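One structure is given below, encoded as structure tokens.
The figures that follow rest on heavy atoms only: side chains count, while hydrogens, waters and symmetry mates do not. Since we're looking at a predicted model, the values are computed, not measured. Letters A, B, ... are given to chains in the order of the sequence lines, protein chains preceding strands, and every chain is numbered from 1.
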There are 2 protein chains.
Amino acid sequence: MKTTFGEYIRLLRNKNELTLTQLAAKLNLDSANLSKIENGKRDFDEKRLPKLAKIFKLDLTELRNEYVTDQIGKQIYETNCTKQLLQVAEEKAEYRRTLKEKVI
Amino acid sequence: MKTTFGEYIRLLRNKNELTLTQLAAKLNLDSANLSKIENGKRDFDEKRLPKLAKIFKLDLTELRNEYVTDQIGKQIYETNCTKQLLQVAEEKAEYRRTLKEKVI
DNA sequence: TAAGACTTGTCATTTTTTGACAAATCTATA
DNA sequence: TATAGATTTGTCAAAAAATGACAAGTCTTA
């Protein structure tokens, strides 16, 4: 089952037997705020992905994919976007890509 | 071909033969900022969707779908989210829906 | 070239997000 | 049960991002 990014961090943290305080310190982050992140009450700041990857020896690209899919999943959820509408959104993304080409 | 939300507004505006200034006034908006919206340099504020629907006699739900798919499409584009990753994002949205049920 | 339409740049204001800290609750164990 | 460490929650100031407003520019066309 897929998890949220916050749950994913908690999983990594527990597997590595770190406390909130310990991981928060490694991430230059307040432990109270890391708690909120793990519980989905705040977002993880994208700028910290490289640090997170390094701490847990993860591939940064894959980690970023975890992050991106979480962010988009969140937006899909919050906007009640159906599969059908998501298909439209994908087509619009594709359209934006064609726009970009024209600019070049 | 799908368009951005900004282009869609411009289309509506031209079809109804309104100038930027005229439509902006109806939307309680600065014409310069409406120009930026149409050109994709700013976002249309979701709060104005009801007003926009009324002006052009559009179904608000459909208009909101246009808006939502534009927003998600933009995020897909900006994050370079592939179709494969989008599938994952959809699963994560589904997971969030199951979380919500548990809260109840 | 004059007027209206549109675009671009800038900046103050508003809104949202983040960082930080205090205090509360929870959990395990001496 | 008392204590310590771990976690959660609430709050608020600071930082960052979005928005509103206005001036000045370019473009179009009559």
- Query: Between B:Asp30 and B:Glu46, which has a closest nucleotide on DNA chain D that is more 5'?
  - Reply: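 Residue closer to the 5' terminus by nearest nucleotide: B:Glu46.
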Please confirm whether the shortest side-chain N or O distance from [X] to OP1 or OP2 of [N] is below 4.0 Å.
X	N	result
B:Arg48	D:dG20	yes
B:Arg10	C:dA5	no
B:Arg13	C:dC6	yes

Rounded off to whole Å, could you give me the [atom1]-to-[atom2] distance for the [X] and [N] pair?
X	N	atom1	atom2	answer
A:Gln22	D:dT7	CD	C1'	13 Å
A:Asn14	D:dA6	CG	P	13 Å
B:Leu34	C:dC6	CG	P	9 Å
B:Ile37	D:dT19	CD1	P	8 Å
A:Lys47	C:dT17	NZ	P	14 Å
B:Lys74	D:dA17	NZ	C1'	12 Å
B:Leu20	D:dG25	CG	P	20 Å
B:Ile9	C:dT7	CD1	C1'	16 Å

- Does A:Phe44 offer a backbone N or O that forms a donor-acceptor pair with the side chain of A:Tyr67 under 3.5 Å?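 Between the backbone of A:Phe44 and the side chain of A:Tyr67 there is a qualifying donor-acceptor contact (under 3.5 Å).
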- Message: Between B:Ser35 (side chain only) and B:Ser31 (backbone N and O only), is there a donor and an acceptor less than 3.5 Å apart?
- Response: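 No, because the side chain of B:Ser35 does not come within donor-acceptor range (under 3.5 Å) of the backbone of B:Ser31.
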- Item | Donor-acceptor pair present, A:Asn33 side chain and C:dA20 base, under 3.5 Å |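 Such a pair is found, so the answer is yes.
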- Of all the nucleotides listed (D:dT7, C:dT18, D:dG10), which has the minimum atom distance to the side chain of A:Ser35?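 Nearest listed nucleotide: D:dT7.
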- What nucleotide, of D:dT19, C:dC21, C:dG9, holds the atom closest to the side chain of B:Lys36?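 Comparing D:dT19, C:dC21, C:dG9 against the side chain of B:Lys36, the answer is C:dG9.
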- Nearest-0.5 Å distance, CZ of residue B:Arg10 to CG of residue B:Asn39: 4.5 Å
- Message: Need to verify one output field. Residue with the more 5' nearest nucleotide on DNA chain C, B:Asn39 or A:Asn28?
- Response: B:Asn39
- Message: Which is more 5' along DNA chain C, the nucleotide nearest B:Arg42 or the one nearest A:Leu29? Just name the residue.
- Response: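 Its nearest nucleotide lies further toward 5', so the answer is B:Arg42.
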- Message: What verdict does the salt bridge (Lys or Arg N to Asp or Glu O under 4.0 Å) test give for B:Lys92 and A:Glu66, after you've listed the backbone C-alpha separation in whole Å, the side-chain angles of each residue and the deciding distance to 0.1 Å?
- Response: CA-CA 10 Å; B:Lys92 289 186 178 179; A:Glu66 274 299 318; 2.9 Å; yes
- When we call it a touch if two heavy atoms are under 4.0 Å apart, what does B:Lys41 touch: a base, just sugar-phosphate, or nothing?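 Sugar-phosphate: the residue B:Lys41, judged by heavy atoms under 4.0 Å, touches backbone atoms but no base.
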- Would you mind reporting whether B:Gln87 and A:Leu86 have side-chain heavy atoms less than 4.5 Å apart?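 Sidechains of B:Gln87 and A:Leu86: no contact.
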